[in-house]
Trainee: 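Structure incoming, see below.
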Amino acid sequence: MVAACGFSPAADAQDARIDLPAGPIAASIAGLARQAGVSIGIAGTLPVRSAPRIAGRLSIEAALRRLLAGSGWRAVAVAPRVWRIERDPRPVERAHPRPAALPPVRPDPIGPDIVVTASKRGDRLGTAPLAVAVVDGARFDPLANGADAAAVASAVNGLFATNFGTGRDRLFVRGVADGPFDGFAQSSVAVYLGGIRATFDAPNPDLRLIDMRQVEVLKGPQGPLYGSGAIGGIYQLVPEVPETGRIAGAVRAGIETVEAGGIGARADAMLNLPIVADRLALRLVAYHERDAGWIDEGARRDVNAGHVSGGRAAIGGRVGDWRIDLNAATQSAARDDSQYVGARGARRRAVRLAEPQDTDFTAAGVTATGPVGAMTATLTAGSAWQELRTDYDASSAVAAFGVAPPALYHDARAYHLVSGEARLAGRLGAVDWLAGLSWLSASTRATGRIGSAQVLRIDREIDEKAGFGEATVALSGNVSATVGARVFATAVSDDRRTRGDDRGYSDTTVRASPSASLAWQRGRLFLYGRLASALRPGGVQAAANGLPGLRYEADELIEGDVGGRWHAAGWTIDAGLFGSRWDHVQADVLSDAGLVSTYNAGRAANRGIDASVTWQGVAGVSLTAGVLAQHARIRTDIATGDTDRRLPIVPDLALRGEARVTRHLGEWAVDGRLSARYLGEARLSFDPRLDRESEPALTIGAGIGASRDGWDVRLSAENLTDARADTFSFGNPFTALTTRQFTPMRPRTLSLSLGRRF
């Protein structure tokens with residue numbers, strides 16, 4: 001099987017300039033082939049293991065020898081510029097106990113050798129029997145421009161986000177969206193950091209993607225493996241792990257300027273430090289960004305400027321045959337004022353009270369993986385804390401609360417999440433299996449104050465215990481079937497107090513979420529079908545707008561996917577059809593006074609096509625295109641007379657495209673990028689009083705970079721045409737019903753950065 005083939009102007013040289021990050025060995029070999037312009041074939045399937053970082057000018061033989069050291073495989077030259085990797089007949093000397101076994105991994109001749117960790121089974125991307133997208137960490141390298149969830153969304157079909165600001169946005173996958181408000185309904189997309197759950201009903205913390213190996217997006221309900229809340233999908237960040245074999249680091253600094261706005265700056269750093277040779281290492285990441293503002297208000301300029309600061313620490317290594325990693329992350333973000341305006345396309349607004357925002361996120365966790373007999377055990381435990389503080393100008397609504405204007409509404413929230421999981425994976429005859437137990441405890445405390453008067457208090461506790469399992473059996477040489485299920489008990493205690501209304505609700509629900517998939521593979525073609533479900537628990541709502549102040553029911557989503565992947569001659573195609581039914585849709589609605597409450601909007605359905613194609617051409621050229629076309633509609637709605645049945649936030653059509661070119665100019669490696677994303681118009685809310693549309697938006701970005709001897713310099717331009725289209729957001733809940741609000745996209749932004757890797 002040919003693993004990779006590449007061509008470059010350096011191909012005729014005996015030595016080549018190589019710069020490969022640490023990562024999966026198969027990915028490193030594919031990168032070597034591209035950078036050095038050689039063909040590398042693999043006689044079999046490589047083991048799942050990590051290869052060290054390799055940088056410098058060296059021969060192909062030396063690079064392959066370093067990549068394969070201790071693996072039990074060797075590289076043999078079979079022709080000029082052609083190598084074959086085969087098993088080494090000589091015994092492998094081990095200075096330490098063997099590495100822990102990993103879960104079974106299916107052979108994958110389909111596309112890049114990328115392991116999807118979020119599947120919990122070590123599926124390779126090309127043969128994972130579900131809709132999944134993996135964004136390579138090279139996009140978020142410490143030497144590249146700073147990236148966040150918006151950067152991931154621009155590279156993944158069907159991933160969308162609101163535009164409130166760092167730490168306040170909600171993520172949506174495909175058509176599973178319930179509204180733009182930062183209310184109290186559980187998120188439809190579960191966010192994970194290195195296998196540890198980071199959110200339950202809190203917004204996406206939007207950690208900066210510094211030193212990330214990859215970002216994984218599982219599309220569709222993931223209830224069997226992930227439980228409550230994963231009705232839309234999974235958004236998992238996979239950080240780089242500590243390397244025990246070398247000291248390494250990277251630093252970067254950059255500046256940016258925003259059209260008709262201010263000047264921003266950023267800096268980040270990474271350090272990998274072995275503590276015990278080949279046994280234990282420490283990896284540290286730190287970053288700080290000063291975001292330029294671009295909204296003017298009266299005589300004040302750039303009022304929506306802000307900052308983001310954070311870091312991560314990981315210590316990991318081997319204890320016997322076990323791999324143990326301890327991780328911690330923290331991030332703080334603040335913005336001086338909100339960024340909505342009162343007229344479409346405007347970047348200036350009338351004077352009003354400032355509405356600052358402040359968010360803080362902290363998480364810590366431990367993961368241990370090792371052999372238990374012939375099985376592989378994985379143990380995880382973690383905790384996450386998140387705080388949000390936002391002020392809104394409530395001067396227009398003070399009559400409802402008996403307060404004199406002008407007045408600010410102070411929204412303060414605290415989220416705490418503790419979760420853990422123990423699972424085993426193994427093989428029994430022809431069956432690959434996985435089974436485990438999980439537990440979760442989430443609490444939410446929220447208060448709303450106008451002056452000294454408390455007008456809202458929410459206390460919510462969720463406890464969930466579950467058992468889950470999944471098994472894959474080969475029905476023939478080409479066909480395999482996978483079945484899975486999760487049985488869980490969810491206890492909810494929900495109390496909500498508003499002025500003149502005090503509601504409480506508690507309940508325990510025992511349910512099951514099943515899944516089933518069928519896969520067929522022949523050569524480089526892989527086809528699959530999958531059916532799965534997930535749900536969110538119910539809660540209590542406040543009496544508002546004629547709706548009774550009773551409980552809202554749990555909602556459940558069932559989705560079917562039929563898709564396939566094909567890879568040959570540099571082409572990779574990933575396409576699928578999907579259809580879903582969503583019962584008792586939970587959605588947030590604004591009361592006349594401006595407070596947010598959750599209710600069941602009815603039943604919804606969605607169907608669509610999700611497709612992407614990539615071409616890895618000669619001379620370092622690659623092209624990517626993607627399309628999501630869907631028909632997401634609410635079938636029944638409390639609001640009478642509402643003729644617009646579209647689900648909010650998500651457009652019916654989204655397109656993306658990107659071209660990348662890599663060249664060697666003397667000692668320099670130069671790369672260029674041109675990208676575009678189109679989002680069709682979308683509905684703002686279920687509420688007919690807010691039945692407004694965001695306009696279609698086309699954004700174009702470009703960048704160029706050059707690297708040599710560990711140095712890297714980059715220049716980029718985002719929103720190149722300086723488009724002013726409205727985005728998926730609103731501004732102030734107290735004036736949203738009476739005034740039009742628009743959140744324009746960030747203006748044209750030019751960035752320059754300089755980095756050094758060592």
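Please read these numbers as outputs of a predicted model, since none were measured by experiment. Residue numbers count from 1 along this sequence.
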Trainee: Do Gln222 side-chain atoms and Gly227 backbone N/O form a donor-acceptor pair below 3.5 Å?
Mentor: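 Such a contact is absent between Gln222 side chain and Gly227 backbone.
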Trainee: How close do Glu216 and Val134 get, counting heavy atoms only, and between which atoms?
Mentor: CG-CG2, 4.1 Å
Trainee: Does the pair Asp206/Arg208 count as a salt bridge with the N-to-O cut at 4.0 Å?
Mentor: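 Yes, Asp206 and Arg208 are salt-bridged.
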Trainee: Salt bridge between Asp268 and Arg266, side-chain N to carboxylate O under 4.0 Å?
Mentor: no
Trainee: Do you know the tightest heavy-atom contact between Ala133 and Val156?
Mentor: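 Closest heavy-atom pair between Ala133 and Val156: CB-CG1, 3.8 Å.
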Trainee: Quick one: pull up CG in Leu535 and OG1 in Thr509 and give me the separation to the nearest 0.5 Å.
Mentor: 8.0 Å
Trainee: Is a side-chain donor or acceptor of Arg290 paired with a backbone partner of Ile255 at a separation under 3.5 angstrom?
Mentor: no
Trainee: Parallel under 30°, tilted from 30 to 60°, perpendicular over 60°: which one fits the rings of His416 and Trp385?
Mentor: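 The arrangement is parallel - the two ring planes meet at less than 30°.
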Trainee: Side chains of Tyr235 and Leu218, heavy atoms from C-beta outward: is any pair under 4.5 Å?
Mentor: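 No, too far: nothing below the 4.5 Å cut-off.
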Trainee: Taking NZ, NE, NH1 and NH2 as the nitrogens, is one of them in Asp463 or Lys465 under 4.0 Å from a carboxylate oxygen of the other?
Mentor: no
Trainee: Enter the distance from Phe164:CZ to Thr359:OG1 here, rounded to the nearest 0.5 Å.
Mentor: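 Phe164 atom CZ to Thr359 atom OG1 measures 13.5 Å (nearest 0.5 Å).
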Trainee: For the residue pair Pro239 and Leu193, what are the closest heavy atoms and their distance?
Mentor: CG-CD1, 3.9 Å
Trainee: Taking atom CG of Asp291 and atom OG1 of Thr166, what is their separation to the nearest 0.5 Å?
Mentor: 6.5 Å
Trainee: For the residue pair Gln386 and Asn204, what are the closest heavy atoms and their distance?
Mentor: NE2-C, 4.4 Å
Trainee: I'd like to know if the side chain of Ser309 and the backbone of Glu289 have a donor-acceptor N/O pair within less than 3.5 Å.
Mentor: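 No.
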Trainee: Which value, rounded to the nearest 0.5 Å, describes the distance between Asp494 atom CG and Arg460 atom CZ?
Mentor: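 Spacing of CG (Asp494) from CZ (Arg460) equals 5.0 Å.
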Trainee: Using side chain to side chain contact (heavy atoms under 4.5 Å, CB included), reason through Val173 and Phe160 one step at a time and then give a plain yes or no.
Mentor: CA-CA 6 Å; Val173 173; Phe160 307 99; over 6 Å; no
Trainee: Do the side chain of Arg536 and the main chain of Gln186 share a donor and acceptor less than 3.5 angstrom apart?
Mentor: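 Looks like yes, one N/O pair under 3.5 Å.
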Trainee: Using side-chain heavy atoms (C-beta onward) and a distance below 4.5 Å, is Trp433 in contact with Leu428?
Mentor: yes
Trainee: Looking just at side-chain N and O atoms, do Asp432 and Thr472 make a donor-acceptor pair shorter than 3.5 Å?
Mentor: no
Trainee: Less than 4.0 angstrom from a charged side-chain N to a carboxylate O is my criterion; do Arg335 and Asp358 meet it?
Mentor: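 Salt bridge: no.
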Trainee: Determine, step by step, whether Asn272 and Leu282 satisfy the side chain to side chain contact (heavy atoms under 4.5 Å, CB included) criterion, reporting the C-alpha distance in whole Å, the side-chain angles of both residues, the deciding distance to 0.1 Å, and the verdict.
Mentor: CA-CA 6 Å; Asn272 185 88; Leu282 173 69; over 6 Å; no
Trainee: Take Leu557 and Val176 through the test side chain to side chain contact (heavy atoms under 4.5 Å, CB included) and record every step on the way to the result.
Mentor: CA-CA 9 Å; Leu557 187 133; Val176 187; 3.7 Å; yes
Trainee: With side chains defined as the heavy atoms from C-beta onward, is the minimum distance between Leu67 and Leu32 less than 4.5 Å?
Mentor: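 The answer is yes, as the side chains (C-beta and beyond) meet within the 4.5 Å cut-off.
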Trainee: Any donor-acceptor pair under 3.5 Å linking the side chain of Ser187 with the backbone of Ala202?
Mentor: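 Judged by distance alone, yes, a pair lies under 3.5 Å.
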Trainee: To the nearest 0.5 Å, what is the distance between CG (Asp574) and CG (Asn157)?
Mentor: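 It is 8.5 Å, given to the nearest 0.5 Å.
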Trainee: Go through the side-chain N and O atoms of Arg486 and Ser438 and say whether any donor and acceptor fall under 3.5 Å apart.
Mentor: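 There is such a pair between these side chains.
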Trainee: Verify side chain to side chain contact (heavy atoms under 4.5 Å, CB included) between Asp325 and Val366, making sure each step is shown before the conclusion.
Mentor: CA-CA 6 Å; Asp325 289 281; Val366 59; over 6 Å; no
Trainee: Give, for atom CZ of Arg389 and atom OG1 of Thr447, the distance between the pair rounded to the nearest 0.5 Å.
Mentor: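 Answer rounded to 0.5 Å: 11.0 Å.
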Trainee: Measure across Glu256 and Ser751 and return the closest heavy-atom pair with its distance rounded to 0.1 Å.
Mentor: CB-OG, 3.6 Å
Trainee: Is the shortest heavy-atom distance from the side chain of Leu207 to the side chain of Leu237 under 4.5 Å?
Mentor: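 Yes, at least one pair of side-chain atoms sits under 4.5 Å.
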Trainee: Is a side-chain donor or acceptor of Ser383 paired with a backbone partner of Leu417 at a separation under 3.5 angstrom?
Mentor: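 Yes: the side chain of Ser383 pairs with the backbone of Leu417.
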Trainee: What I want to find out is whether Glu461 reaches Arg445 closely enough, with some N-O distance under 4.0 Å, to be called a salt bridge.
Mentor: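 The answer is yes: the pair qualifies as a salt bridge.
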Trainee: Is any side-chain heavy atom of Pro203 closer than 4.5 Å to a side-chain heavy atom of Asp169?
Mentor: no
Trainee: Given the rule in the salt bridge (Lys or Arg N to Asp or Glu O under 4.0 Å) test, do Arg714 and Asp712 qualify, once you have shown the distances and angles that lead to the verdict?
Mentor: CA-CA 7 Å; Arg714 302 211 160 262; Asp712 186 276; 3.1 Å; yes
Trainee: Side chains of Arg283 and Leu271: closer than 4.5 Å at any heavy-atom pair?
Mentor: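 They are not in side-chain contact.
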Trainee: Could you tell me whether the side chain of Arg174 reaches within less than 4.5 Å of the side chain of Leu159, counting heavy atoms only?
Mentor: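 Not touching, per the 4.5 Å side-chain cut-off.
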Trainee: Kindly give the heavy-atom pair with the smallest separation between Thr490 and Pro537, and that separation in Å.
Mentor: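 So the minimum-distance heavy-atom pair works out to CG2-CB, 4.1 Å.
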Trainee: Determine whether Phe468 and Phe488 satisfy the following criterion, ring pair (Phe, Tyr, Trp, His ring centres under 6.0 Å), listing intermediate values before the conclusion.
Mentor: CA-CA 8 Å; Phe468 61 91; Phe488 55 93; over 10 Å; no
Trainee: Compute whether any side-chain donor of one residue and acceptor of the other, for Asp360 and Ser332, lie under 3.5 angstrom apart.
Mentor: yes
Trainee: Would you call Lys120-Glu421 a salt bridge at under 4.0 Å N-O?
Mentor: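 Yes, this pair counts.
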Trainee: Taking C-beta and beyond as the side chain, do Val238 and Val215 meet within less than 4.5 Å on heavy atoms?
Mentor: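 Sidechains of Val215 and Val238: no contact.
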Trainee: For a quick check under 3.5 Å, do Asp201 and Thr444 share a side-chain donor-acceptor pair by atom type?
Mentor: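 There is such a pair (donor and acceptor under 3.5 Å, judged by atom type) between the side chains of Asp201 and Thr444.
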Trainee: I'd like to know if the side chain of Thr162 and the backbone of Arg170 have a donor-acceptor N/O pair within less than 3.5 Å.
Mentor: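 It does hold such a pair.
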Trainee: For the residue pair Tyr415 / Glu387, report whether a side-chain donor-acceptor contact shorter than 3.5 Å exists.
Mentor: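 No donor-acceptor contact under 3.5 Å links the two side chains.
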